[in-house]
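Because the structure is predicted, anything quoted here is derived from the model rather than measured.
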Amino acid sequence: MLKRLPFLCAALLALAACSHDSDTSGTAQQAAPAVSSSAEAAPASTAPAAAGSATPAATGTVAAAPAATTPAAPAPAVAAAPFIDNGKWVEGKNYFRIDPAQPTSHPGKIEVTEVFSYGCPACNGFHSTAEQIAKSLPPGAVMNYLAASFRPDENWPMYQRAFYAAQALDLVGKTHDAMFDAVWKSGELSTYNLKSSGLKARSAWPTIEDAAKFYARYGVDPQEFVGVANSFTVNTKMKRADDLMKAYGVDSTPTMIVNGKYRFTAGSAGGYAQSIELTQWLVAKEAAGK
């Protein structure tokens, strides 16, 4: 697995969340993800409700957003854990019920969805944990990815468009890790000044055409990629993703969703390792019909 950031930056990032309502004034921000204006720290030793755990922003049922191709290659089957409720995980504190529950995209499967953005520094820090979650899922569970766009002041709509174009072209499995690197390691698709501080000038922000050059390395013609990215299909996927995120009640990233019924953040779970454990517990809860 590729190393995302120097160890110090990753440590500072621990449990940060990119928030929907963060300051959008364009104030200079540090290049290191941990000090983005959209980062909100949550202590690793406790399990407070994080920003993403707020009351759902919308309660109407919406059509499920298209499921993303699982980035990682299929891992060996993981034995399903029995559901045991020993009181460790508390609804309303560690995880939150989505009311009404939202439809899923894989009938007969338990869906685990990460709401994320390639432009979100906290998502970059959480990425290896999301990979571990995907690999830890038992038979009958599937990993999804829902790309958020609620930080246009940090170029998230472009990253969202690139993700759904890549999904339409069946490239996500090949490119998901590399996209995080292109944004936060090499900086070729970064909206931040990684070697100094703050956001780049808007005129220097990466465009969908720049993203197309990146995806060209994986066999797609850049013009074709741009055409797909601006297509009605991708525009529809983006709109449905935004609607579903609102119905989930998500206002920060990364946020985990289990089967359209429960959401939590690393902050509410109590840490990165606890996020894996809580995901497994909620999947077991769903499998047991509890």
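By the 30° and 60° cut-offs, the orientation of the rings of Y118 relative to Y159 is perpendicular. In this pair, F126 and Y272 present their aromatic rings perpendicular. The plane angle is above 60°, beyond the 30 to 60° band. Between W281 and F83, the ring planes are tilted. Angles from 30° to 60° get that label. Note: Y145 and F116 have perpendicular aromatic rings, judged against thresholds of 30 and 60 degrees for the angle between ring planes.
Taking 4.5 Å as the limit, every side-chain heavy atom of P254 sits out of range of all side-chain heavy atoms of V115. When side chains are defined from C-beta on, T265 does not count as touching M256, because their heavy atoms never get closer than 4.5 Å. Taking 4.5 Å as the limit, some side-chain heavy atom of S136 sits within range of a side-chain heavy atom of Q280. Contact annotation: the side chain of T191 never approaches that of K200 to less than 4.5 Å [non-hydrogen atoms, C-beta and beyond]. Within the 4.5 Å cutoff, the side chain of Y95 has heavy atoms near those of the L282 side chain. When side chains are defined from C-beta on, P222 does not count as touching E224, because their heavy atoms never get closer than 4.5 Å. A heavy-atom distance below 4.5 Å is found between the side chains of H176 and H127. Proximity of N155 to P206: side-chain heavy atoms (C-beta onward) are separated by under 4.5 Å at one or more points.
Between the side chain of T253 and the main chain of T255, no donor-acceptor pair closer than 3.5 Å is present. Put simply, the side chain of N144 never gets that close to the backbone of V112: no donor and acceptor are under 3.5 Å apart. Listed for the S149 side chain is no donor-acceptor partner under 3.5 Å among the backbone atoms of P157. Although no hydrogens or angles enter the test, the distance criterion places a donor-acceptor pair under 3.5 Å between the side chain of D221 and the main chain of Q223. Between the R97 side chain and the Y262 main chain, no donor and acceptor come within less than 3.5 Å of each other. Panel note: side chain S275, backbone G271; a donor-acceptor pair is recorded below 3.5 Å.
Between W156 and F150, the ring center distance clears the sub-6.0 Å criterion.
When all heavy atoms of F225 and L169 are compared, the pair lying nearest together is CD1-CD1, 3.6 Å. When all heavy atoms of F96 and S268 are compared, the closest pair comes out as CE1-CB, 3.9 Å. Contact detail for M143 and A130: the closest heavy-atom pair is CE-O, 3.7 Å. Shortest non-hydrogen contact noted between G260 and T104 is N-CG2, 4.2 Å. Looking at every heavy atom in both residues, L137 comes nearest to V142 through CD1-C, 3.8 Å. In this structure, V183 and L194 approach most closely via the heavy-atom pair O-CD1, 3.5 Å.
One finds the CD1 atom of I133 at 5.5 Å from the CD1 atom of I276 (value rounded to the nearest 0.5 Å). One distance of note links NZ of K285 with CG of L278; it measures 11.0 Å at 0.5 Å rounding. Atom-to-atom distance recorded for Y248:OH and Q102:CD is 7.0 Å, nearest 0.5 angstrom. Rounding to the nearest 0.5 angstrom, the gap separating the OG1 atom in T129 from the CD atom in E114 is 9.5 Å. Here K237 contributes atom NZ and R240 contributes atom CZ; the two are 9.0 Å apart, rounded to the nearest 0.5 Å.
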>> Apply salt bridge (Lys or Arg N to Asp or Glu O under 4.0 Å) to residues R202 and E154 and explain how you reach the verdict.
In response: CA-CA 9 Å; R202 283 182 178 264; E154 295 185 4; over 6 Å; no

>> Determine whether E277 and K88 satisfy the following criterion, salt bridge (Lys or Arg N to Asp or Glu O under 4.0 Å), listing intermediate values before the conclusion.
In response: CA-CA 11 Å; E277 186 180 350; K88 178 176 181 177; 2.7 Å; yes

> Are F214 and T175 close enough, and set up right, to give a side-chain contact (heavy atoms from CB on, under 4.5 Å), and what steps lead you there?
Replying inline: CA-CA 9 Å; F214 165 85; T175 61; 4.3 Å; yes

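The closest side-chain donor-acceptor pair between N259 and E111, if any, does not fall under 3.5 angstrom. Side-chain contact, N235 with R161: a donor N or O sits under 3.5 Å from an acceptor N or O.
Evaluated for a side chain to side chain donor-acceptor pair (under 3.5 Å) with K239, the options D242, D243, T236 yield exactly one hit, D243.
Counting heavy atoms of neighbouring residues, nucleotides and ligands inside a 6.0 Å radius, atom CD of E209 exceeds 12 of them.
E91 and K290 are not joined by a salt bridge, as no carboxylate oxygen comes within less than 4.0 angstrom of a charged side-chain nitrogen.
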